[in-house]
Amino acid sequence: MTAILEARGLSRQFGQVKALDGADFDIAAGEVVALIGDNGAGKSTLVKALSGNLAVDSGQILFEGSPVTIETPMQASAMGIETVYQDLALAPHLDPVQNMFLGREVMRPGLLGALGFMDNKSMRGEAQQAFDKLGATVRSLTAPVGAMSGGQRQAIAIARAVHWANKVVFLDEPTAALGVRQTKNVLDTIRRVSEQGVAVVFISHSMPHVMEVSDRVEVLRLGRRVATYRTQDTSMEQLVAAMTGAVGESTPADVAEARAEKEVSA
Amino acid sequence: MSAAVAVVPANENVVTRVVKMQAFQILLVLVAIWIVFALLAPAQFANTANMRLIAQNAAILAILGVGMTFVIITSGIDLSIGSVMVFSGVIGAKAMQWQGGDGWSTAAIGIGASILSGLAWGLLNGTLIAKAKIPPLIVTLGSLGMALGFAQIITKGVDIREVPTVMQDEIGYGNVFGQVPVLTVVALVFVVLGAIVLHYTRFGRFTYAIGSNEESARRVGVKVDRHLIKVYALSGLLAGVAGVLSLAQFNTTAIAGQTETNLNVIAAVVIGGTSLFGGIGTIFGTVVGLFIPAVLQNGFVIVGVQPFWQKVAVGAVLIAAVYVDQARRASAARGGRSQFSLLQRWGSSRSANAGQGEEG
């Protein structure tokens, strides 16, 4: 199984702080990888670098096996990579459909389209399908998302990302602010997305969520990958130990081994 | 599992949404004011000639209001429109003086010169706001002073009173179908075009999106800077158009006559339900918001109340309108229903019922 997205030795320094210090990362199509690490371990920075939100000082990003540079989120979008930001990045006064298609509006055919008129009907239909496909709870397609609950907004942001991503989705702490039921919805959604062959990377501080939904866990510490585990072969204790540095770094051989095992099981 | 949760189809019908709009509630206020004056002075107030007069007097402000609505929806502000309007009028008048003559060809040059000078100020405002990242309040406060100053420098402070007769006769005092003032028709055209662009095109969608959450618009690839420049350019261009209409209506550049225009237009836009925080607003609301001061002014004169009361009344309506907006915002943030309008409560309970009906 080849990685759809791979990072080799990414480094990025902010002043004296090495946010990324030779970080590696890889994910295969349809795989769910949890990215964990203590605060300041470089999780968000890594996701930003991989989603076109941050330039790196050195290192290489490979997409479907070939080296790429991703300079803007739009470029990432064009490659089929979408990100759900922690703040969700929704426009609160727009409705779910308008948010889903913001910047990618479907225009009316012919002259009307050239004059800037949008095809609201087809956008609404497409959005409805996208929400249905994820089983997302959206109370109204015409109410502003700002009037909706946190869980609903989360669902809309995820549905938007999934609708446009056909390769990789990044989720930055998708369950951080949610109740039990909404969290379950998000975790179900992650599974459903990966079943469609899309790779899902999610950052989380919640070990139970990580254990529940991921195929593999990558542990970051001090800006580099210190361990990667197959979820079914690890335990919360082991993950926490790796995060805090209580166990030594796993060697590249361990990493290769873990991936080889995964291939066998797949 | 996936069947357990499904999208409830669009559950707010048009009537509910209209009733919930602040613009609609303000329209009721306007109608109430109108009825009061119509009862107090049926003969003088409620007749075609007087309605015509009100519509004519509101025309120029309506055109400015269209641009201002776009600007405020982006959560910006344009204080410079009155000065830009004067500057454009001066440039137009100068161009026509230089050309000489009283015909359409002269007028066309003046109209073109006015509109281009308005557009130029708008582009300058927009570029400074979007690219130099100077707050709109400061940029347009600066260009307010500069545009007026230049207008005075060019004219040496003396109004130009030579306007081609064709402009006065055909635009300023012209009528369509013998009844409707040309000024009103021109304003109506801009209002309708503005409303279509704002509510049905991608340009309008971006305008709301930027006012709602600029960062998220940027992340999905909306060219925010370029869009802001366009919005301020539109406001400047419309100020240029207003300058032309003012020349035609008053036959003078009226350099000192527009000091409160910006504030009057902003007040109308806000009364009409456009939020100063951005993301919310309609052109329809702005037009209604313009007619409240216009009708009050007219009505007070007719019923023999000192017209200065108009300023008091408009000030109070403005504060009340913003209070309602804030209260609604706070209520929305709490996730509750607004307690401030029976109509709105009626509207939202209806929509909630409709939603339950479709869910069940």
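Bear in mind that the values here come from a model prediction, so they are computed numbers and not experimental data. Convention: sequence-line order gives letters A, B, ...; per-chain numbering from 1.
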> Can you check whether anything in residues 214-221 of chain B gets within less than 4.5 Å of chain A, heavy-atom wise, and list it by number?
Ser216(B), Ala217(B), Arg218(B), Arg219(B), Val220(B), Gly221(B)
> Return the minimal non-hydrogen interatomic distance between Thr201(B) and Leu115(A), and the atom names on each side.
CG2-O, 4.3 Å
> Mark yes when over 12 heavy atoms from residues, nucleotides or ligands other than Lys121(A) sit less than 6.0 Å from its NZ; otherwise mark no.
no
> Is it the side chain or the backbone of Arg160(A) that comes within 4.5 Å of chain B heavy atoms, both, or neither?
side chain
> Less than 4.5 Å apart, side chain to side chain, heavy atoms only: is that true for Phe206(B) and Glu105(A)?
yes
> Could you tell me whether Arg226(B) atom CZ has more than 12 heavy atoms of other residues or ligands within 6.0 Å of it?
no
> Please rank Gly113(A), Ala89(A), Ser77(A), Pro96(A) by heavy-atom pairs under 4.5 Å with chain B and give me the top one.
Ala89(A)
> Which bit of Met107(A) is near chain B, if near means a heavy-atom gap under 4.5 Å: side chain, backbone, both or neither?
side chain
> Any idea which of Thr72(A), Asp87(A), Thr83(A) has the most non-hydrogen atom pairs under 4.5 angstrom with chain B?
Asp87(A)
> Minimum heavy-atom separation for Ala91(A) and Ser212(B), please, with both atom names.
C-OG, 3.3 Å
> Contact between Arg202(B) and Val106(A) at the side-chain level, heavy atoms closer than 4.5 Å - yes or no?
no
> With a 4.5 angstrom heavy-atom cut-off, could you sort out which part of Leu112(A) is near chain B: side chain, backbone, both or neither?
neither
> Between CE of Met123(A) and CZ of Arg205(B), what distance do you get to the nearest 0.5 Å?
5.0 Å
> Chain B: which of Asn99(A), Leu88(A), Leu94(A) shares the most heavy-atom pairs with it under 4.5 Å?
Leu94(A)
> Are there more than 12 heavy atoms of other residues, nucleotides or ligands under 6.0 Å from atom CZ of Phe203(B)?
yes
